[in-house]
Amino acid sequence: MARHQGRGMASINYPIGMNLGGDPSQALVHANPDGKFTVALSAIDLGQGMKQVSRQIAAETLGVPIEDVYVDTADSDTGPHDMGSFASRGTHRVGNAVIVAAKEARGVLLEAAAEELEVNADDLVTDGKGNIHVRGAASKSITVKAASQAAQFKQGKTISGRGIFLIPLSTVHPETGEMSPVTAYAHACLVVDLEVCDETGDVKVNKLTSAYELGRALNPKMVEQQLVGGAWMGMSHALYETPEPYYPNPEHGGRDYNEYLMPGPGDIAPHDITVLERPAPDGPFGGKGPGEMCANPVLPAVANAIFNAIGVRIDTLPITPEKILRALKAQGGARPQIRRA
Amino acid sequence: MARMPVQFRLNGSDRAVFVEPAETLLGTIRRGLGDFAPKFGCGQGTCGVCTVLVDGEPRLGCLTLSVTCEGRSIETASGLADGPTLHPLQAAFMEHFAAQCGFCTPGMLMAAKALLDRNPNPTRVEVVEAIAGNVCRCTGYEPIINAILAAAQQRGVRRA
Ligand code: FES
Ligand code: FES
């Protein structure tokens, strides 16, 4: 028996969202009597950070402290319509909608403040700390709270904004089928170092090294968090989990966590991540988002590394010890490929 | 069957409840006592989200019968913070971004607390073993392991 080292890599372009029907997202922003803002969305936060980036984007656009923004994603019945949290579209689509809505709300906020201060709204700026003042004259100011209260209790104004992001529907070329399905792509390159045991078919991932280009990282720590977790999921898809191991035969599928395998805390490998920021021209503050791309490059890189280690090409997932042993048998043993340092 | 009286301590306060003989501790804590920190995942002992401490030992709430907890001390993640002050583990989980959806977090925290209470200076392997019964779909475990190690170090610093 021998354990064979292998290295594989994969580079991917990953589309942000999809252009079927314009891929709309909507956002509604309104001020409350205490001068704080609510952003209503139907985009769902599953833990990936949708709420946090929407909050950052809204606060930045409104010009108010982040603590004064509440993002409500609780109910898709009462929130404005959104296509959903999928296709890596959240940051880009929802973020853009939030900017439009927050800009409109900011406009009304400044009008209300202007009326109170008896100045022109165009001369007003926000300090990001909850105050609005005349440009160049910080003493001529009003708090966001006082302006919101004046709007609602005195002036009869609704400080609110509506936002939608919609991209033009792409036409399809009648002969070639060519179209532009998306407006932004993120990119990644990932290298996997692993070893394969030719007696048991066991694969041990030793190291992941990656670079991701995902526009501006609107929240760098959360980007990193998603990349770490996503790569784990990629490893799981590559080597462990499937509901139907003998698809289309439904037999032997895992029925619970005892049988449905995923890598546990003892199966993980160190992951060295580099994030390249290339702000996207049509992204909110340049953001595109990591999304599904954080898992995707792992799968081909693992398959390539296994080929590099033992010379067999396995083209169905997950790459289980059983598949490796059958392939080794058919090939007549391991044939390690050339390794470049 | 007749319901049975059970008394135990939950996060330091004495509680008395009537339970069905086959009722699980998880069900009693959540439905009977309204503490929703421990979660219901698989209900069959394979995911760890229901982990609570019974006399300091990690137990799967979904597989523990409430009637066996007479006179015991139960701890859940709701009892970790001291007023507004977070438990060092909670603070470390935040600091290290060790939660995304958060569904595994209450169980992870309790598994980690049981470890640190028993072994204040665990190795990485010991941390991995302590949370090996807790499934996480989001984080890839690395941030959780790092958070637990950091909390241990933090506590060590404070004790010194
Ligand atoms: S709910 Fe108890 S282990 Fe899954
Ligand atoms: S944070 Fe989602 S399951 Fe662990």
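Keep in mind that the numbers below use all heavy atoms, side chains included, and drop hydrogens, waters and symmetry copies. Letters A, B, ... mirror the listed sequences (proteins, then strands); counts begin at 1.
- Other residues, nucleotides and ligands contribute more than 12 heavy atoms inside 6.0 Å of the OH atom of Tyr260(A).
- Other residues, nucleotides and ligands place more than 12 heavy atoms under 6.0 Å from the CD atom of Glu292(A).
- Met233(A) CE to Cys138(B) SG: the interatomic distance, rounded to the nearest 0.5 Å, is 7.0 Å.
- For a residue to count as touching a neighbouring chain, one of its non-hydrogen atoms must lie under 4.5 Å from one of that chain's; by this rule Gln52(A) does not touch chain B.
- Closest approach of Ile268(A) to Ile145(B), counting heavy atoms only: CD1-CD1, 3.7 Å.
- Other residues, nucleotides and ligands place more than 12 heavy atoms under 6.0 Å from the CD atom of Glu241(A).
- Only the backbone of Leu46(A) has a heavy atom closer than 4.5 Å to any heavy atom of chain B.
- Without hydrogens or angle criteria, Gln225(A) side chain to Pro143(B) main chain gives no donor-acceptor distance under 3.5 Å.
- Heavy-atom distances place the side chain of Arg124(B), and not its backbone, under 4.5 Å from chain A.
- Gln44(B) touches chain A through its side chain: at least one heavy atom from C-beta onward sits under 4.5 Å away, while N, CA, C and O do not.
- A 6.0 Å sphere centred on CZ of Phe86(A) holds more than 12 heavy atoms belonging to other residues, nucleotides or ligands.
- With a threshold of 4.5 angstrom between heavy atoms, Ile131(B) approaches chain A through its backbone and through its side chain.
- A 6.0 Å sphere centred on CZ of Arg118(B) holds more than 12 heavy atoms belonging to other residues, nucleotides or ligands.
- For a residue to count as touching a neighbouring chain, one of its non-hydrogen atoms must lie under 4.5 Å from one of that chain's; by this rule Glu224(A) does not touch chain B.
- Across every non-hydrogen atom of Pro265(A) and Ala132(B), the tightest pair is CG-CA, 3.9 Å.
- Residue Pro263(A) touches chain B through its backbone alone, counting heavy-atom pairs closer than 4.5 Å.
- Both the backbone and the side chain of Met222(A) come within contact range of chain B, each with at least one heavy atom under 4.5 Å from a heavy atom of that chain.
- Checking side-chain atoms of Gln226(A) against main-chain N and O of Gln100(B) turns up no donor-acceptor pair under 3.5 Å.
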